[in-house]
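From a predicted model like this one, the values you see are computed outputs, not experimental measurements. We count ligands from 1, going down the list as the structure has it; atoms in each ligand are counted the same way.
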Amino acid sequence: MRVVQKYGGTSVADPERMRSVAEQIARTHRRGDEVVVVVSAMGKETDELLRLAEDVAGGDRPGREMDMLITAGERKATALLCIALHAMGVPADSFTGSQAGFLTDTNHTNAKILEVRPDRVAEALASGRVPVVGGSQGVSTERDVTFLGRGGSDTTAVALAEALKADACELYTDVSGVFTADPRLVPDARKMAHVSFDELLEMTAAGCPKPAMRSVEFARNHHVRLHVRSSFTWEVGTWVTEEETMEQAIISAVVDDDSEAKVTIAGVPDRPGIAATLFRRLADAHVNVDMIVQNVSEDGVTDISYTAPKDDLRTSLEITQALADEIGATGVTSDAGIARVSVVGAGMKSNPGVAATMFETLAGNGINIEMISTSAIRISCVIAADQLERAVVVLHDAYGLGS
Ligand code: ASP
Ligand code: MG
């Protein structure tokens, strides 16, 4: 078997965790499997490096230097892990993203992989050694060090698994798999044995933080078998599979997200081009708009609401207010006290009543719905943030997801 094992920041947060991870790698190696390791920066190191840059120069952050800085976190982790492996008698070599053959574009702090040529990684494997690759990094077409963005180590692992034709890609983290709801909110949330790529993609888009959405997309497109599991208990986790299982549950999971805010522009003249202008300007400012609702117009005016990341609220408000002034809209308001609860399940495609159950459950608990959006396998409702926890609990119960 050939396996790629990716260890996240919490998995290697301190020397003891580092040794525990090295032991697992050693076990895999001694079993006769070929193992390639991808590692994130230790603990909260990426955040700390970002803070250091801020302390040195405030908001002025040249991309090339930021990437040199941030990738140092992963580089340090690869070397330490190899040192731990050597102490256990396991031959291991550390590689930066560049050495491992990750060629990227020049989009610093959020580079995209163009090609993976893992010759040195393959050579290390062929000579019986364990390659340990720094996650989330590469070298650009301009030969500068690049960072693949937050959560990019998952993508590094999946891309390596595909390039090396690995049998599986194991993503080790601090939870034991993918759950039917956040176990911190719902005590009887269950770990799923399997989840389909389509469902997991919808879950990550709806706010499920791990694994990183980009890596799930890559794995789906390239048929990489993913196994999301814990480096704390080492138990079997959740397999992400191509196939939907035979008895497809109507609803597989409830997902919560409180990272977005809502902006409303009221009294908008109802004529072609206004939504086009607003959302083009937001896009040009890199605001990632999520839900959009436009009301039925009355007396030639309407209103438009949208949600966007809280981090982008200031920019969103400035852009929306400027447009409101230009077109004579009556006002712009925002609400950062909203949240989104979503239900996801491939089985809803062929079953009526899923939305009705969701709305009835929320209504029965006195939870008002402010916005609704759907895909083929997801229904999302925007509600008040202070009712989010309760919404997740009652929906998880209403669809019978508990253990
Ligand atoms: N250490 C980086 C981050 O926290 C990359 C990663 O862990 O995937 O975003
Ligand atoms: Mg991380």
Side-chain angles (χ1 to χ4, degrees), residues 4-14 17-18 21 25 36-54 61 63-82 94-100 102 104-105 107-113 116 131-140 145-163 169-175 178 200-201 204 207-219 224 226-232 237 240 259 288 309 311:
V4 173
Q5 298 185 338
K6 178 259 170 176
Y7 293 95
T10 48
S11 301
V12 291
D14 54 52
R17 295 287 325 143
M18 197 68 96
V21 163
I25 297 167
V36 177
V37 177
V38 173
V39 70
S40 287
M42 295 170 73
K44 298 247 167 281
E45 178 144 39
T46 306
D47 292 324
E48 277 154 29
L49 292 170
L50 286 167
R51 194 167 337 111
L52 270 174
E54 173 108 33
R61 300 173 177 200
R64 183 183 184 280
E65 305 314 323
M66 287 307 294
D67 286 6
M68 191 66 104
L69 174 71
I70 298 172
T71 53
E74 275 75 18
R75 181 169 174 160
K76 173 172 145 189
T78 58
L80 284 169
L81 192 51
C82 285
S94 59
F95 295 100
T96 64
S98 168
Q99 290 175 313
F102 279 80
T104 75
D105 64 15
N107 184 19
H108 282 292
T109 72
N110 205 13
K112 296 273 173 299
I113 300 169
V116 188
V132 179
V133 178
S136 200
Q137 54 183 265
V139 61
S140 76
V145 169
T146 47
F147 182 59
L148 304 184
R150 300 311 304 266
S153 297
D154 289 351
T155 309
T156 299
V158 173
L160 261 183
E162 128 86 359
C169 179
E170 300 179 333
L171 301 176
Y172 285 94
T173 177
D174 50 4
V175 288
V178 181
L200 186 57
L201 266 179
T204 55
C208 175
K210 285 172 191 167
M213 176 154 60
R214 205 166 137 198
S215 70
V216 181
E217 237 165 352
F218 194 106
V224 176
L226 278 187
H227 186 183
V228 182
R229 53 188 304 189
S230 163
S231 68
F232 288 75
V240 190
S259 67
N288 200 357
D311 293 343

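- Judged by distance alone, the side chains of S40 and S153 do bring a donor and an acceptor atom under 3.5 Å apart.
- Looking at ligand 1, you won't find any N or O of K6 less than 3.5 Å from one of its N or O atoms.
- At a cut-off of 3.5 Å, with distance as the only test, no side-chain donor of T109 or R61 sits close to an acceptor on the other residue.
- Salt-bridge check for K6 with E170: failed, with every basic side-chain N at 4.0 Å or more from each acidic carboxylate O.
- Numbered from 1 in the order shown, with element, the atoms of ligand 1 that lie under 4.0 Å from a heavy atom of R150 read 3 (C), 4 (O), 9 (O).
- Taking the side chain as every heavy atom from C-beta outward, Y7 and V38 never approach each other to under 4.5 Å.
- M18 places a side-chain heavy atom less than 4.5 Å from the side chain of L81.
- Contact annotation for E74 and ligand 1: only side-chain heavy atoms (C-beta onward) come within less than 4.0 Å of the ligand.
- Under a 4.0 Å criterion applied to the non-hydrogen atoms of S40, ligand 1 contributes the atoms 6 (C), 7 (O), 8 (O).
- In terms of polar-atom proximity, defined here as any N/O pair under 3.5 Å, G151 does make such a contact with ligand 1.
- The distance from the CZ atom of F147 to the NE2 atom of H108 is 13.0 Å, given to the nearest 0.5 Å.
- The environment of R17 atom CZ is dense: over 12 non-hydrogen atoms of other residues, nucleotides or ligands sit within 6.0 angstrom.
- Within the structure, the closest approach of G135 to ligand 1 does not fall below 4.0 Å when heavy atoms are considered.
- For ligand 1, none of its N or O atoms has an N or O atom of G149 under 3.5 Å away.
- Looking at ligand 1, you won't find any N or O of D154 less than 3.5 Å from one of its N or O atoms.
- Inclusion of S136 in the set of residues having an N or O under 3.5 Å from an N or O of ligand 1 is not warranted.
- Counting the atoms of ligand 1 from 1 in the order shown, those under 4.0 Å from a heavy atom of S153 are 5 (C), 6 (C), 7 (O), 8 (O).
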